[in-house]
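Notes follow once the structure below has been shown.
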Amino acid sequence: MTTLDVWLEAFDQPVGTLARSDAGDLTFTYAQTYLDTAAAHPISLSLPLDERAYDDRIARAFFQNLLPENNQLDQLIVRERLERSDIAGILFHLGADLSGALSCLPTGTERIKIPGIFERDYDLIDTDQLVDIVRRLGNDQPLPGELRDPSPVSGYQRKVALTLLPGDRYAVPKPGCGAPTTHILKVPETAFPREAFYEAVCASLADHVGLDAAPSRSFWIDQYEVILSTRYDRVVADGTVYRRHQEDFAQALGLPPRLKYEREGREGYRYDTISIATVLRQTESPALSIDAFLRATIFNLAIGNTDNHAKNHALLYEAGAAPRLAPLYDLVPITLSAAHNHNLSFKIGTADHPDAIASDDLAALLAQFDLIGPSARRFIEQRLVPVIAPLAQARDVEGDWAKRFDAALTQRSARLLDQLAQVIEQTRHSARGTRHQG
């Protein structure tokens, strides 16, 4: 049997225990001392605060989603002769450096993750070191030993977690100090040229139309265009960095990583608008969360981001409170890439591809969130149109890449505006018919 203590940075005792039986089954149990704490919150919507032990069916999906989706995991499995299904065995080796506020450590081990103090806990990276890091990431090479990513981030993109100190100075946590990072530096694959530029532009556009998005900016280092994204699960106050617990929608829904797209699941066990609505209604402010998610969905359709899967939406937890919707991140116009699948991550109405979306599909999306008739019309006019209308206006941009994106953006946005206008007209026609029958 393998037993791990589960920690959150904000608490000075384990919040629970993850155990693997000799047969390979996982169980998770909250610590009674944590349940008795007024500031306690669940580590997942799929794992509500309770004294019972959660069985393998529920525990496995949450903890599997903590594992990195890169060659670090493959190397560990080979080196330690582990089975890919041995989640507890993998976390025994990788659980100290999971990307969020949560860590999994061998039972009895002192906690590792603590807040970081700028003046004490970080080593500066000079320009030559930064260039070397980017070159290695760009060529899929391991980082040098002294600069190994101290806070692995999951995902397939080539990325490293860094800290940005005052004065735009790059740094990494001192070895063994347990301090958090504040930013993620990514070197996108060359299969999608100018991806970093596009992601930064989309983050800026999201902010421009009033959406809550994690700040990102792109720039060149050596011959590589990189993107630097601010971590939304960090708080910096008075020179100290704190982690905030977060989970993605796959974890909240109890879905394994392979089911992050609706098309991979089955009815009742997939990432679709029904399950999304279930998550949003469990947040601290359900109405605000639904509002934000629908506005983000229409924005993603406008920019061509069809890769807004279950692991690209998240919840943030604060002490003793229900979670709230996290800022948007990974806003990439995938439809501009010939190397990627352009199918929707979750269906809009009956449409599984952006080109197949009709006004009836948008009406069905709103209806899934109880926005029907006059309430749907008001929501479109007051909340969706203000997001899309500015994007439908052609901008004076320079460069072929920017012009390509802008042309696609204005075309998609104008089409969405027309379809939303049709939904409005349909609700008015329906209202007139109802009055006539009365």
Side-chain angles (χ1 to χ4, degrees), residues 1-20 26-44 47 49 51 53-54 59 62-68 72 76 87-123 148-154 161-163 171-182 231-247 251 314-321 323:
M1 174 179 284
T2 299
T3 305
L4 302 173
D5 287 337
V6 179
W7 293 81
L8 286 174
E9 181 191 88
F11 296 88
D12 57 9
Q13 294 184 37
V15 302
T17 301
L18 179 67
R20 183 202 63 196
L26 294 178
T27 57
F28 172 75
T29 309
Y30 283 107
Q32 189 62 51
T33 53
Y34 181 67
L35 292 173
D36 293 339
T37 304
H41 60 72
I43 62 173
S44 173
L47 298 165
L49 293 176
E51 294 182 357
Y54 288 96
F62 175 81
F63 287 96
Q64 185 179 7
N65 274 292
L66 295 173
L67 303 181
Q72 179 189 25
L76 172 73
I87 306 302
I90 295 171
L91 289 173
F92 182 90
H93 296 280
L94 293 182
D97 285 332
L98 302 175
S99 63
L102 187 145
S103 55
C104 299
L105 305 173
T107 299
T109 304
E110 290 294 320
R111 71 168 174 171
I112 291 178
K113 291 184 176 181
I114 60 173
I117 299 175
F118 279 159
E119 295 181 355
R120 183 193 67 191
D121 295 326
Y122 298 91
D123 290 328
R148 289 287 164 85
D149 183 358
S151 179
V153 288
S154 62
L162 301 172
T163 299
V172 293
K174 293 180 183 295
C177 75
T181 54
T182 61
R231 301 191 69 146
Y232 61 83
D233 59 344
R234 300 292 190 263
V235 175
V236 179
D238 299 325
T240 301
V241 187
Y242 303 88
R243 297 176 176 92
R244 291 189 293 184
H245 180 54
Q246 63 93 33
E247 67 166 338
Q251 291 173 299
L315 302 172
L316 283 171
Y317 287 80
E318 303 289 351

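For clarity, every value in this text was computed on a predicted model and none was experimentally measured. Every heavy atom of this structure was used, including side-chain atoms; hydrogens, water molecules and symmetry mates were not. Residue numbers start at 1 and run along the sequence shown.
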### Query
How many angstroms lie between atom OG of S103 and atom CG of L94, to the nearest 0.5 angstrom?
12.5 Å
### Query
For the side chain of D5 and the backbone of G108, is there at least one donor-acceptor N/O pair under 3.5 Å apart?
yes
### Query
When rounded to the nearest 0.5 angstrom, what distance separates CG in D36 from CG in L49?
11.0 Å
### Message
Between K174 and D121 (salt bridge meaning N to carboxylate O under 4.0 Å), is one present in this structure?
### Response
no
### Message
Can you confirm whether the side chains of E247 and S44 place a donor and an acceptor under 3.5 Å from each other?
### Response
yes
### Task
Any chance you could lay out the side-chain contact (heavy atoms from CB on, under 4.5 Å) test for L162 and V172, step after step, and finish with the verdict?
CA-CA 5 Å; L162 301 172; V172 293; 3.7 Å; yes
### Task
Drop me the distance from M1's CE to T27's OG1, to the nearest 0.5 angstrom.
6.5 Å
### Task
Begin from the C-alpha positions of H41 and L8 and carry the test side-chain contact (heavy atoms from CB on, under 4.5 Å) through to its verdict.
CA-CA 11 Å; H41 60 72; L8 286 174; 3.7 Å; yes
### Worked check of side-chain contact (heavy atoms from CB on, under 4.5 Å) between Q251 and L66
CA-CA 9 Å; Q251 291 173 299; L66 295 173; 3.4 Å; yes
### Message
What's the separation between atom CZ in F92 and atom OG1 in T3, rounded to the nearest 0.5 Å?
### Response
10.5 Å
### Message
If you compare all heavy atoms of F63 against all heavy atoms of C104, which two are closest, and at what distance to 0.1 Å?
### Response
CE2-SG, 3.9 Å
## Note on the structure
Rounding to 0.5 Å, atoms OG1 (T240) and CD1 (I114) come to a distance of 10.5 Å
### Task
Please report the shortest heavy-atom distance between A96 and I112, naming the atom on each side.
CB-CD1, 3.6 Å
### Task
Answer yes or no: is there a donor N or O on one side and an acceptor on the other, between the side chain of R243 and the main chain of A10, under 3.5 Å?
no
### Query
Any donor and acceptor pair, going by atom type alone, linking the side chain of R111 with main-chain N or O of E9 inside 3.5 Å?
yes
### Message
How about OH on Y34, more than 12 heavy atoms from neighbouring residues, nucleotides or ligands closer than 6.0 Å, or not?
### Response
yes
### Query
Do side-chain atoms of T2 reach the backbone of A88 as a donor and acceptor pair under 3.5 angstrom?
no
#### Entry: Backbone of W7 reached by a side-chain donor or acceptor of K113 within 3.5 Å
no
### Query
So do the side chains of L102 and V15 get within less than 4.5 Å of each other, counting heavy atoms only?
no
### Query
In Å and rounded to the nearest 0.5 Å, what is the CG to OG1 distance from L18 to T29?
9.0 Å
### Task
Decide yes or no for P14 and L105: does some side-chain heavy atom of the first lie under 4.5 Å from some side-chain heavy atom of the second?
no
#### Entry: Nearest non-hydrogen partners of P173 and P180, listed with the distance
CG-O, 4.1 Å
### Heavy-atom closest pair, residues Y122 and A171
CB-CB, 3.9 Å
### Task
Please work out which of the three classes, parallel, tilted or perpendicular, describes the rings of H245 and F62, given edges at 30° and 60°.
tilted
### Query
Under the criterion side-chain contact (heavy atoms from CB on, under 4.5 Å), which of L4, L47, T17 is the partner of F28?
L47
## Note on the structure
Closest heavy-atom pair, I43 versus Y30, reported as atoms and distance to 0.1 Å, is N-OH, 3.0 Å
### Summary
Between E51 and Q32, the two heavy atoms sitting closest are OE2-OE1, 3.5 Å
### Message
Checking T181 against R231: is there a side-chain donor and acceptor pair closer than 3.5 Å?
### Response
yes
